[in-house]
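Below is one structure; the comments refer to it alone.
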Amino acid sequence: MNLGSLKPFFEPHLLSEIDRFGIVKQVKKGDILIDIGEQIQFIPLIIEGAVKVLREDASGDEILLYFVDFGNTCAMTLNCCMENTPSEIRAVCEADTSLIMIPATYMDSWLAKYKSWRIFIFDNFQGRLNELLKAVDSLTFLKLDERLERYINEKAELQKNKKLNITHLEIATDLNSSRVVISRLLKKMEKDGLLLLGRNTIQILN
DNA sequence: ACATTAAGTGATT
DNA sequence: AATCACTTAATGT
């Protein structure tokens with residue numbers, strides 16, 4: 001197992017346990033990792049790629065909460081793991097992603113045994129909580145055009161690429177708006193010289 | 001050539 | 001800011 005990239009995070013003993021009990025999994029873009037209502041059996045550790053975490057309302061509309069990328073895991077999942085409750089969120093792969101699935105049963109013993117695991121879990125809670133706060137005030141305080149701008153920049157940063165392959169419809173569902181509105185806002189941004197639009201692509205200028 | 005999907009636009013609420 | 005109704009353009013079969 002290629003654990004080199006995790007070395008800075010965990011102490012050697014823990015690394016070898018991860019090596020022994022973790023299951024490496026490759027998932028493709030669009031795959032659903034965890035769905036709402038599912039019981040969590042594994043803690044996913046992201047090695048490469050990114051996952052988006054979203055919530056769904058009663059009428060089936062989705063709303064994006066945050067992204068999880070390398071070296072992180074989903075705090076909502078951790079929570080569900082410990083409490084043994086069903087998932088409150090859906091996790092969908094943003095891009096082709098590789099991750100290590102760690103059986104949830106190790107959570108407890110590792111927390112007791114390994115300082116680096118405790119730190120890791122804590123940092124993740126903190127990180128996700130901040131992301132969640134960002135999502136909340138984005139929803140309540142920002143207008144749609146500002147949210148859209150933030151969304152695009154975040155996405156570009158995530159995949160380290162100023163040219164996004166995404167449709168207006170995908171953006172609309174992530175921000176839970178409608179395609180027409182997104183198209184218009186993007187068009188305005190293009191006129192303002194912020195972007196270059198194409199079919200399935202958005203190129204960010206600066 | 002035809003169907004499908006993405007994006008652009010005016011009018012209306 | 002959302003929805004409708006329609007157009008135009010790009011892509012797949």
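As the structure is a prediction and not an experimental result, all values here were calculated from the model. The chains referred to below are lettered A, B, ... by the order of the sequence lines, with proteins before strands, and numbering in each begins at 1. Just so it is clear, the values below take in all heavy atoms, side chains as well, and ignore hydrogens, waters and symmetry mates.
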Task: Pair Asp96(A) + Lys28(A): basic N to acidic O under 4.0 Å - done: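 A salt bridge is absent here (no side-chain N lies under 4.0 Å from a carboxylate O).
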Open item on the list: Strictly below 4.0 Å, N to O, side chains only: are Lys188(A) and Asp145(A) in salt-bridge contact?
Closed with: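 Here Lys188(A) does not pair with Asp145(A) in a salt bridge, since their nearest N and O are not under 4.0 Å apart.
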Task: Side-chain N,O (His168(A)) to OP1/OP2 (dG8(B)) below 4.0 Å - done: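 Yes, because at least one side-chain N or O of His168(A) sits under 4.0 Å from OP1 or OP2 of dG8(B).
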Task: Reported CG-to-NZ distance for the pair Leu185(A) and Lys187(A), which is rounded to 0.5 angstrom - done: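 Going from CG on Leu185(A) over to NZ on Lys187(A), the span is 12.5 Å.
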Task: is_close_aromatic(Tyr114(A), Phe10(A)), centroid dist under 6.0 Å - done: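 Aromatic pair excluded; centres sit 6.0 Å or further apart.
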Task: Within-4.5 Å side-chain heavy-atom neighbours: Ser87(A) and Ile40(A) - done: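 Yes, their side chains come closer than 4.5 Å.
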Open item on the list: Can you identify which nucleotide, out of dG8(B), dT3(C), dA6(B), has its nearest atom closest to the Ser183(A) side chain?
Closed with: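 Ranking dG8(B), dT3(C), dA6(B) by closest atom to the Ser183(A) side chain puts dG8(B) first.
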Quickly work out the [X] [atom1] to [N] [atom2] distance and round it to whole Å.
{"X": "Leu169(A)", "N": "dT3(C)", "atom1": "CG", "atom2": "C1'", "answer": "15 Å"}
{"X": "Asn176(A)", "N": "dA1(C)", "atom1": "CG", "atom2": "P", "answer": "13 Å"}
{"X": "Ile171(A)", "N": "dG8(B)", "atom1": "CD1", "atom2": "P", "answer": "11 Å"}
{"X": "Asp61(A)", "N": "dA1(C)", "atom1": "CG", "atom2": "P", "answer": "17 Å"}
{"X": "Ile182(A)", "N": "dA1(C)", "atom1": "CD1", "atom2": "C1'", "answer": "10 Å"}

Open item on the list: Students often get this wrong, so: under 4.0 angstrom with heavy atoms, is Thr167(A) touching a base, only sugar-phosphate, or nothing?
Closed with: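 Contact class for Thr167(A): sugar-phosphate only.
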Open item on the list: Could you check whether Glu11(A) and Ser116(A), counting side-chain N and O atoms only, form a donor-acceptor pair closer than 3.5 Å?
Closed with: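 Indeed, the side chains of Ser116(A) and Glu11(A) share at least one donor-acceptor pair under 3.5 Å.
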- [ ] Identify, residue by residue, the members of residues 185-203 of chain A with a heavy atom below 4.0 Å from DNA chain C, and return them in order of residue number, or none.
- [x]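 By residue number: Arg199(A).
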Open item on the list: Does Arg184(A) contact dA1(C) through a side-chain donor or acceptor facing the base, at a distance under 3.5 Å?
Closed with: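 Flag unset: no donor-acceptor pair detected.
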